[in-house]
Every structure is written in C-alpha cells, then in structure tokens.
Amino acid sequence: MNVADYTRLGAAAISGKVRSGEVAPSDVVRAAFERAGEIGAGPDALNIFLHADEEACVTETKEVQQHLDTAADVGILAGVPVAIKDNIASLGLPTTCASRILGGYVSPFEATAVTRLRANGAIIIAKTNMDEFAMGSSTENSAFGPTRNPHDVRCVPGGSSGGSAAAVAAGITPIALGSETGGSVRQPAAFCGVVGVKPTYGRVSRYGLVAFASSLDQIGVLGRTVDDAAIGLEVIAGFDKADSTSSDADVPIYRVSALGKPAPEARHPDTEAMRIGRSPVPLPPPPDSTTLKGLVIGKPKEYFPESLDPSIRAHCERALDRFRSMGAVIRDVSLPRSPLAIPVYYVLAPAEASSNLARFDGVRYGLRVDPGKGLKSMYEATRSQGFGPEVTRRILLGTYVLSAGYYDAYYKKAQAVRTLIADDFRAVFASGVHAIFTPTTPTPAFPIGAISDPYEMYLNDIFTVTANLAGVPAISVPIGRVRRLPVGGQIIAAHFDEYTMFRVAYALEASLGAEAHQ
Amino acid sequence: MAVTRDDVFHIAELARLGIDDARADALTAELSSILAHMEVLSQVDTAQVPPAAGVGAGGTPLRPDATIAPLMEQTLESFAPSMRDGFFIVPRLATHEDSSESGA
Amino acid sequence: MTRDRYEMVVGLEVHVQLKTRSKAFCGCSTDFGAAPNANTCPVCLALPGALPVLNEHAVQLAARAALGLGCTVNPISVFARKNYFYPDLPKGYQISQFDQPLATGGSIAIGKDDKGDDVRIGITRLHMEEDAGKSIHDRYTGATAIDLNRAGVPLIEIVSEPDMRSAGEAGSYLRTLKQILQYLDVSDVSMEEGSLRVDANISVRPPGQSKLGVKTEVKNMNSFSAVERALEAEYERQCALIDSGGAVQQQTLLWDGARGTVRPSRTKEGSHDYRYFPEPDLRPLILNPAWIDDARKNLAELPDARKKRVGAEFGLSSGELDQLMATPALVDYYEAVARQSGDGKGAYNWVMGEVSASLRASGEDITEFRVRPADLAQLLNLVRDGTISHTAAKRVFALMLETGKPAAQVAADERLVQVGDEGAIDAWVEEVLQEHPEEAKRYLAGEKKLQGVLVGFVMKKSKGRADPKRVNQLLSARAG
Ligand SMILES: [Mg+2]
Ligand SMILES: [Zn+2]
C-alpha cells in the first residue's frame with residue numbers, strides 16, 4: 001500500500017482493509033518501515049527506534065495472514081503496526097529501558113499488554129526511545145541519545161514516552177504503547193500533537209512493565225486520533241491475575257469506530273500461559289460524538305495560573321467554548337491541594353524507584369562491571385556505570401527519604417498529602433462534575449538542552465502528575481499550535497470512567513477538526 | 001533539611017552506587033535544592049489523614065497453591081553475566097560471614 | 001558465681017518454612033534437591049517487569065500457626081519491603097511484613113515452675129515473608145555461587161518476648177514451639193533441612209533490675225542444643241565483660257560450633273537501614289473475621305490438650321505419653337490401636353516395643369508401616385482372650401509384618417493357637433517327665449521349686465501353645 005495513504009489511516013481503517021483482504025498485513029508493515037525510513041526514525045535523525053527488525057516483522061505477519069486465509073477472526077487490530085516503549089517487556093526485540101544497565105537484554109517473557117495486542121492481530125514493529133527507566137520529561141535522559149520532535153527537530157518530543165509519541169506523530173504507527181508515572185504519555189502526546197491516554201490505576205496490567213514507581217505506573221496508549229487511543233486501550237485493558245493491583249472492573253467499548261459497522265470485540269485469550277483474566281463486557285458504544293448535553297465539565301482554577309502561557313490559555317478557552325456549544329455546562333471548580341503534587345510526587349516516586357531499581361545489580365542479567373575487588377565493588381561499579389545521572393539522582397533521593405530519621409518527614413508525610421490530593425478529585429466528581437478540563441502542559445515543546453535544572457524539568461508534569469497521584473484516568477488531545485508547536489488539552493474523569501473521558505475527547509476532536517492542529 | 005556530603009556518601013553506600021568526590025559535591029547541592037522544594041509539605045496538616053495502606057481498594061488477590069512450569073522463552077544462560085554448573089557466579093564477598101544477613 | 005550476680009534475658013526470632021507446594025509469590029516448586037536455579041521464574045529471579053501474587057495456602061498455614069500460638073490474627077495486615085543488597089536476594093528487597101503484621105500477642109506454656117505453675121513465654125508477633133536464595137561460598141575459589149531455588153519460599157517469622165531466663169528455657173521454648181507447629185502440620189520444622197532457623201537476642205542484668213541490659217544478636221546455630229550452648233557462651237562473655245568493667249556493645253554475633261565460641265559478624269554495624277515501606281505491588285492482606293473464626297474452630301488438637309485427653313482416656317503416665325507424642329503420626333497410631341483393642345497399656349507396650357523396634361530396624365515411617373492399627377488391635381485381642389500366648393504373639397507379629405496376613409490367620413496357619421485341652425497337655429507333661437527322670441524324681445519327691453523348670457520344658461515341647469496355667473495345675477496334681 002502506498003505510504004501517503006498509510007500515514008492517513010487510523011487503526012480501525014487499517015484493520016478493516018486487512019480483514020476485508022484489500023491489503024495484506026505484510027504490505028502494511030512494509031509501508032510502516034518505508035515511512036520510518038523516509039522520515040528518519042533511525043539514530044542519525046529523529047532517533048525514535050531503539051530496536052526494530054523489518055524482516056522479522058514481515059515474517060510475523062504470516063500468522064495474521066494464515067488467520068485471514070482460514071477465515072479465522074484475527075481481531076480488531078489485524079495487521080496494525082504498533083510501536084512499544086522500551087520499558088515494556090516484549091519477546092523477540094530487546095527491552096532495555098534506554099539504559100546501559102540493560103544493554104542488549106531480551107526479556108524471556110512478554111508483558112500482558114503486548115500479548116493482548118498480538119492476540120488481536122497487531123504487529124509489534126519496534127521498541128521506542130525513552131528517558132532512562134522513564135525518568136524524565138524530554139527523552140533527553142536516554143543512554144542512546146535524545147529523540148527529536150517530528151514537528152521541530154530542534155525540540156524535545158517530551159517524555160518519558162517521547163519515542164512512542166514521535167512514532168505516532170511521524171505517521172509510522174497509528175498506535176504506540178507508552179507508560180506513565182507522572183505524565184509520561186500525556187506530556188509527550190501534547191508536545192507531539194497526538195492523543196495520549198493514561199487509564200485509571202489498575203485498568204491495565206503492569207505485568208511486564210519495568211517498574212519505576214509501582215503505585216503510580218500505568219501503561220498508556222498514544223494514538224493518531226482519539227479512536228486509535230480508544231481501540232488500543234480497549235484491547236490492553238482488563239483484569240490480569242499476574243498483577244495483584246489490576247482491577248476486575250468491566251471494560252466497555254470505548255471506540256466510536258464500532259458505530260454502525262460492527263467490528264469484532266477485543267479478545268482476551270484466557271490461558272494459564274498468558275496468565276490473562278476475564279474478558280471485557282461490552283457496554284453500549286458512546287452516543288453521537290457531537291453532543292455533550294447533560295455533561296458538566298469542571299475548570300479547576302489551580303490549573304489556569306497567572307503564569308500560564310497566554311496562547312495556551314487561549315486554546316483552552318476555545319476548547320471550553322466548543323464544550324459549551326455542544327451543550328456541556330462549564331463549572332469553575334477547585335482542586336486546592338494540587339499545587340502540592342510535584343513535591344509529593346518527587347518524594348514518593350523516587351522512594352519506590354530506589355527499591356524497584358535495586359534488582360539491577362549485575363548478578364543475574366544485564367550489565368556487570370567487575371573491578372575484581374569483591375562483590376561490593378562489583379555492585380558499585382555496575383550501578384554507577386550502568387545508570388545515567390538522572391536515575392542516579394532519583395535513586396539517591398528516594399534512598400534518602402526512606403532512610404532512618406527521614407521516613408516520617410518525607411515519605412509518610414507525602415503519602416498523607418497524596419490522600420488529600422485524591423480527596424480533592426473525589427469531592428469534585430461527587431459534586432456532579434463529569435469531567436475536568438485543563439491544559440496538559442504549561443508550555444509547548446522546548447529546545448533540546450534548554451532545561452538543565454532538575455526541578456525546573458520536574459515542573460513539566462505540574463498539570464499531569466495529579467491524575468497519577470489520584471489514580472484517575474486522563475487523556476491529552478491536540479487543541480492547537482503555539483509558535484508552530486502543538487499543545488494539548490487534558491480531560492480527566494473519575495476512577496474507571498474512561499468511557500466519559502473518551503466521550504468528551506471524541507467531541508472535542510470532532511468539533512475542532514483541522515483547528516486542533518492550527 | 002539540607003543534605004550533607006556525608007549523607008550523600010551514606011545513602012550512596014546504602015544504594016550501592018559508587019560516587020567519586022566531585023560527583024558527591026554536585027549531588028549534595030542538587031539533592032539539597034530539590035529537597036528544599038519538599039519543605040512545603042511540612043506545613044500541611046495531615047493529622048486527620050488515615051495512613052494509606054498499600055495500593056488500591058479491596059484485599060490482595062490470592063492464587064491457588066499450584067506449581068506452574070516457568071514461562072521462559074530463553075535460558076538463564078542467555079542473559080546471565082556469569083554462570084557455572086547452573087549457579088549464578090558472583091565475586092566472593094569480601095566478608096562472606098555476611099551471609100548471616102541473608103536467609104531472611 | 002555469675003549465675004547469682006547476673007540474670008540471663010533471652011528472646012528468640014524463629015523463621016519457619018511453610019508446607020506449600022509452590023512459592024509465596026510465584027508458581028515455582030518448593031521442592032529441595034532440584035538442580036541449581038531449576039525452580040525459578042521471572043518473578044523469583046526478579047526479572048524486569050515481573051510481579052508477585054500471594055499464595056493462598058501460605059496464608060492459611062500462617063494463620064493456623066498464629067492461632068495455635070494463641071495470637072490474634074489481624075483482619076488487615078500489610079506487606080512491606082525490607083531493602084538490602086545481597087546476591088541471593090534477587091529483588092534487592094525481601095517482601096515481609098513490618099508495622100502491620102499478620103498476627104500479634106500470643107503465648108505458649110513451656111513447662112511448670114517449682115510452684116507447679118505454667119511457665120509461659122509471650123509471642124510478640126508472627127508475620128509472613130519470603131525466603132532468600134542460597135549463597136555457596138566454599139564451592140569455587142574466589143567466587144560465590146548463587147542458587148535461587150529457595151528464593152521466594154514462604155516463611156513465617158515468630159518473634160518471642162524477652163521472657164526466657166536460661167538456655168534451658170530457650171531450649172524448651174523451641175521444643176514446645178516445634179511440637180505445636182508439627183501438630184498443626186504447617187511445617188516440617190527441621191533445622192537440618194533449614195525449614196526452621198533460630199536467631200537469639202540475649203542480654204544480662206542484675207537480678208531484680210527491671211531495665212533490660214544491652215543485647216546482642218546471636219546467629220548461625222544449626223540445632224536446638226547449639227542454641228543452648230551459644231546462649232551459655234554469650235552469657236558468660238557478657239558477664240565477664242561487665243565484671244572487667246567493660247560494657248556490652250549491641251552487635252550481631254555468629255556461633256562457631258566447632259570452637260564453641262561466638263565471634264562478631266563482620267557486617268558493619270549501622271550499615272543496616274532497611275528502609276521499610278509498604279509493598280506497592282500487593283494490596284493489603286484482608287481476612288474476613290468469619291474466616292479467621294472458622295480457622296480457629298478447625299484448628300487441630302494442640303499437643304498439651306491431646307496429652308491430657310489421651311492420658312485420661314487410656315491411663316498412661318506423663319512419661320509414657322511423652323514417648324508416644326514424639327510425632328503426631330505415632331500417637332495417631334497408638335490411639336487407633338488402643339481404641340480398637342480397648343487395651344491402653346497393652347497398646348502402649350506394643351507400640352513402644354515391637355512396633356518402634358521394627359520401625360527403627362527398617363527406618364520406615366509409621367504412616368507406611370505394614371501392620372495397620374486394626375491388625376495390631378486384633379493381635380492384642382487374641383492374646384487377651386487367651387487364643388494365643390504372649391510368647392506366641394511376638395512370633396505372630398513378626399509373621400504379620402513379613403506376610404501382611406491378619407493375626408488370626410497367621411496364628412492358625414502356624415498352629416500357634418493356645419491349647420487348653422487336658423489330654424494334649426497331660427501327654428506333653430508325661431513325655432517331659434519321661435525325658436527328665438532325675439528332675440521328675442526329685443519333683444515328685446516334693447522338691448516344689450523344680451515345678452518352674454518342668455513347666456518350661458512343657459512349654460518348649462508345645463512350641464508355646466500349652467496354656468501355662470493348666471500345665472501348672474496338672475504338675476501340682478501329680479505331685480499330690
Ligand atoms: Mg525475617
Ligand atoms: Zn518463581
């Protein structure tokens with residue numbers, strides 16, 4: 001199939017053509033790699049991919065092709081190329097978290113989310129670049145060099161899922177998996193002008209996601225459109241008995257592409273081998289995506305500070321006007337404890353990280369540096385040479401806030417304030433608000449190397465990190481451009497109400513149309 | 001609380017991160033300035049907040065006591081830095097009496 | 001004498017491996033003796049991205065143990081990470097429980113004091129955790145070999161109050177604890193196989209002083225007697241130290257059984273800062289109070305209660321009971337025989353005599369012993385109703401063991417059934433008198449003390465089948 005067509009098609013359209021036999025899955029994969037070649041996904045240009053193997057992928061499509069030939073159901077992602085963030089375990093391609101300490105490591109097992117993608121016909125074409133161990137907001141902290149923003153190669157794509165956001169923005173894949181701990185899907189989605197969704201904590205299995213901060217981590221989806229993100233989430237969501245924190249709440253149909261033309265349901269094979277839980281229960285698909293009658297959308301004042309970039313504010317106001325014109329009621333609300341989110345986050349996330357990253361010790365897998373002076377020096381050489389500066393900084397920070405004498409003042413305190421921040425969201429949703437709208441980021445993408453102060457970098461997550469701390473679902477959709485760079489608007493919903501979140505996102509996308517990218 | 005150079009060496013030791021003197025000075029400054037932003041938390045009254053016990057609602061799920069053949073597509077040798085007779089091999093501990101620390 | 005000037009204060013931390021098929025947080029087998037690292041998977045190897053899921057049976061066994069030790073099982077307990085680096089600790093932390101353990105506040109009686117009151121030792125807490133792997137330091141020169149088959153095996157840690165005042169009390173606490181866990185069937189409790197491990201906290205203080213002295217922790221004991229010897233040695237060391245004007249340093253010591261001394265572990269003190277925090281990969285363990293009550297109701301009979309009951313039911317002495325209670329299986333076997341034969345004493349003599357002897361000889365376990373309780377009970381009945389003599393019974397037992405046939409059949413086949421018939425016995429008596437004319441003459445002449453000898457000859461001739469009572473009667477009759 002020709003590349004120009006390919007880059008215009010969404011996941012639903014591609015799998016439709018594949019299922020109808022109009023195009024062969026191998027042709028789709030060829031097109032994806034051709035696009036990657038022409039846009040320069042390689043290390044010498046955008047540096048989006050860390051690992052990719054075109055021929056292996058083409059071979060993989062044979063299985064999908066066989067299903068098609070035997071008229072077996074190949075799933076709603078039949079032949080759809082998908083890129084995976086490099087901290088999500090995948091068979092075949094390495095899983096290095098963009099870190100030297102895992103250089104060349106190939107996981108002997110696969111993440112549940114990836115298994116579910118494959119089970120629905122998707123083709124994993126590449127592992128994408130990221131901030132090392134997902135610690136960063138610019139993808140500059142990769143041991144393998146920064147990824148560049150397809151909209152302006154001088155700028156960062158955001159992070160930590162910068163490679164996945166860039167892959168979608170560059171038209172290489174309609175869907176990519178990223179991961180979030182404090183905004184690592186939504187912020188790069190906003191910087192790259194694509195859609196990025198972070199589901200409710202527990203909605204998607206973390207089995208196979210290399211842990212950064214377990215109580216905050218969630219796998220998220222980047223998509224060219226809201227529908228791409230919706231289909232992707234629908235496929236990977238649902239209980240997994242291999243993740244004790246995954247939820248058995250029913251998974252509705254999120255995509256509107258199901259409207260009128262029934263597409264097959266997301267399949268969740270339940271085998272011990274894949275350790276996969278029960279399959280989603282379909283709810284009625286979203287109503288007509290051009291009306292928001294009966295919905296109340298909250299506008300939290302803490303997310304529209306004086307300091308907010310005026311053009312970002314203007315784009316947000318335009319979006320809020322569209323909500324009104326579609327029948328929604330906009331209500332001023334307050335999330336008073338949100339300004340405490342960054343300090344809370346940078347106590348809790350590093351604390352958990354300092355423990356989660358202890359397993360990288362050079363004993364069982366990954367890098368080992370042995371100066372020959374006994375075990376302790378092997379540990380210290382391996383870890384100090386294996387981890388980059390930001391990871392080292394956060395491990396030390398986390399070790400400090402957990403260490404004797406500081407636990408109560410930092411970790412315990414931050415846990416309590418985290419509860420207060422979550423209470424703020426509960427209160428707003430309990431007051432009859434269906435969704436909350438905010439800017440995704442305080443600024444558009446910034447030039448590579450522009451931010452050197454760690455804490456200034458942390459402030460990139462100021463509007464996104466609260467959803468991780470509260471565990472609620474949130475999505476970033478393009479709402480316009482500032483100085484030719486994309487900016488995103490964020491829609492936050494109550495726990496497990498991705499359904500309403502998508503409904504609002506679909507409506508905004510539909511009403512903005514081409515303006516979303518102007 | 002400002003972080004001291006000794007703190008940095010102490011936590012680096014706990015975290016098994018080799019830190020040279022130059023790096024220690026930089027880290028002392030960086031960590032101090034980051035932690036300065038955390039001080040705001042001490043002003044929040046959390047007396048009434050119940051301690052957040054674990055993650056999520058409901059109890060942790062339990063699995064039946066059944067043995068499952070490990071699902072591994074590659075052998076340990078495929079990723080282990082050093083193996084011998086099926087054992088992972090590490091440099092001899094400088095003080096191997098430390099083994100009393102293991103065994104839980 | 002130091003004993004009068006210093007009181008020994010001991011508290012014990014006991015780690016016990018739970019009897020589960022699979023590990024605490026993954027489906028790997030807990031079998032020992034597998035090839036190195038054969039029983040490992042992404043979870044217990046701590047591969048990137050793997051996550052723990054708790055073993056239901058481990059929870060059941062831990063709760064059972066807690067209830068058996070008189071603890072309160074908490075409806076909500078929380079797993080926590082204990083962070084430290086060690087090559088046999090794959091994740092760099094141990095999943096354990098810290099400020100919200102599974103159970104708290106129990107106690108067990110370890111014997112009587114001179115006033116005859118129970119000596120009780122308090123149980124501070126019982127929590128669940130996972131075992132580490134094995135580091136082998138002496139296999140390769142300059143290298144340590146790591147086997148993770150044991151990593152992730154479910155343990156309970158039982159922490160006692162500092163209630164023990166002598167090495168002897170520590171010993172009886174351990175023996176009592178072991179017996180309770182055995183009778184609850186939660187663990188193999190074998191120190192040899194490492195399914196039970198003991199660390200001791202010990203301090204000394206002048207008698208009457210309520211404040212505790214500075215304690216040391218003694219590790220690396222591989223038997224109960226080693227624990228007692230280590231405590232004695234450390235007690236003497238601390239007393240001597242104080243007598244010489246020194247002060248006890250809080251530290252970890254390792255027992256050296258060969259030298260019979262303790263030596264400091266070279267672990268740098270203060271280097272332990274475990275940075276406990278709640279395990280975010282697991283939700284809290286929530287147990288329904290009704291479930292806990294059921295577990296309490298269905299608890300197996302504890303050793304003390306069982307000893308009282310069996311003693312009362314079958315009239316055995318405390319000493320005899322202690323022998324039978326050595327293992328639950330032995331007393332199970334005894335109770336079955338005693339009940340079915342209605343002969344508590346006889347059953348005791350047989351179980352501790354012939355049965356134990358042949359078990360010792362064959363080395364097999366009583367649960368697979370060929371002579372089942374019903375068979376032995378039948379043998380006892382045959383002896384009681386006089387069908388076979390006690391002498392013959394021993395032979396019958398041996399043949400039952402050999403052939404697996406029931407007692408009655410063996411007795412019949414081997415013509416060992418006791419003969420009471422006048423004629424037959426009188427014939428044997430006549431033959432014996434013929435064959436031993438000298439003794440016969442002196443006996444009939446009134447030398448009564450020879451009667452025993454002659455009875456012996458008759459029994460021999462009858463291959464033990466003659467009823468000794470009748471033989472005596474007939475001989476006396478002839479003596480007139
Ligand atoms: Mg322990
Ligand atoms: Zn395992």
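All values below come from the heavy atoms of this structure, side chains included, with hydrogens, waters and symmetry mates left out. Note on naming: letters A, B, ... go to the chains in the order of the sequence lines (proteins, then strands), and numbering restarts at 1 for each one.
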Return the [atom1] to [atom2] distance between [X] and [Y], rounded to the nearest 0.5 Å.
X: R63(B); Y: L54(C); atom1: CZ; atom2: CG; value: 8.0 Å
X: I11(B); Y: D273(C); atom1: CD1; atom2: CG; value: 10.5 Å
X: T144(C); Y: F88(B); atom1: OG1; atom2: CZ; value: 14.5 Å
X: L285(C); Y: T60(B); atom1: CG; atom2: OG1; value: 7.5 Å
X: M72(B); Y: T40(C); atom1: CE; atom2: OG1; value: 5.5 Å
X: S135(C); Y: F87(B); atom1: OG; atom2: CZ; value: 11.0 Å

Measuring heavy-atom distances to chain B, does [X] have an atom under 4.5 Å in its side chain, in its backbone, in both, or in neither?
X: A145(C); answer: both
X: A50(C); answer: neither
X: C26(C); answer: backbone
X: F277(C); answer: neither
X: L287(C); answer: neither
X: K134(C); answer: neither

Testing the basics here: between P284(C) and G58(B), what is the closest heavy-atom pair and its distance to 0.1 Å? CD-O, 4.3 Å
Would you name the heavy atoms of N37(C) and G86(B) that are closest together and state the gap between them? ND2-O, 2.7 Å
Hey, does D85(B) have a side-chain heavy atom less than 4.5 Å from the side chain of R139(C)? yes
Would you say L62(B) and N55(C) make side-chain contact, with heavy atoms under 4.5 Å? no
Got more than 12 heavy atoms from elsewhere within 6.0 Å of CD, E77(B)? yes
Under 3.5 Å, is there a donor-acceptor pair between the side chain of R283(C) and the main chain of P61(B)? no
Judged by atom type as modelled, is there a donor-acceptor pair below 3.5 Å linking the side chain of D65(B) to the main-chain atoms of R21(C)? yes
Count the heavy-atom pairs under 4.5 Å between each of A80(C), C44(C), G92(C), P36(C) and chain B, then report the option with the highest count. P36(C)
Side chain, backbone, both or neither of I89(B) within contact of chain C (heavy atoms, under 4.5 Å): both
Side chain / backbone / both / neither for A15(B) at chain C, heavy atoms under 4.5 Å: backbone
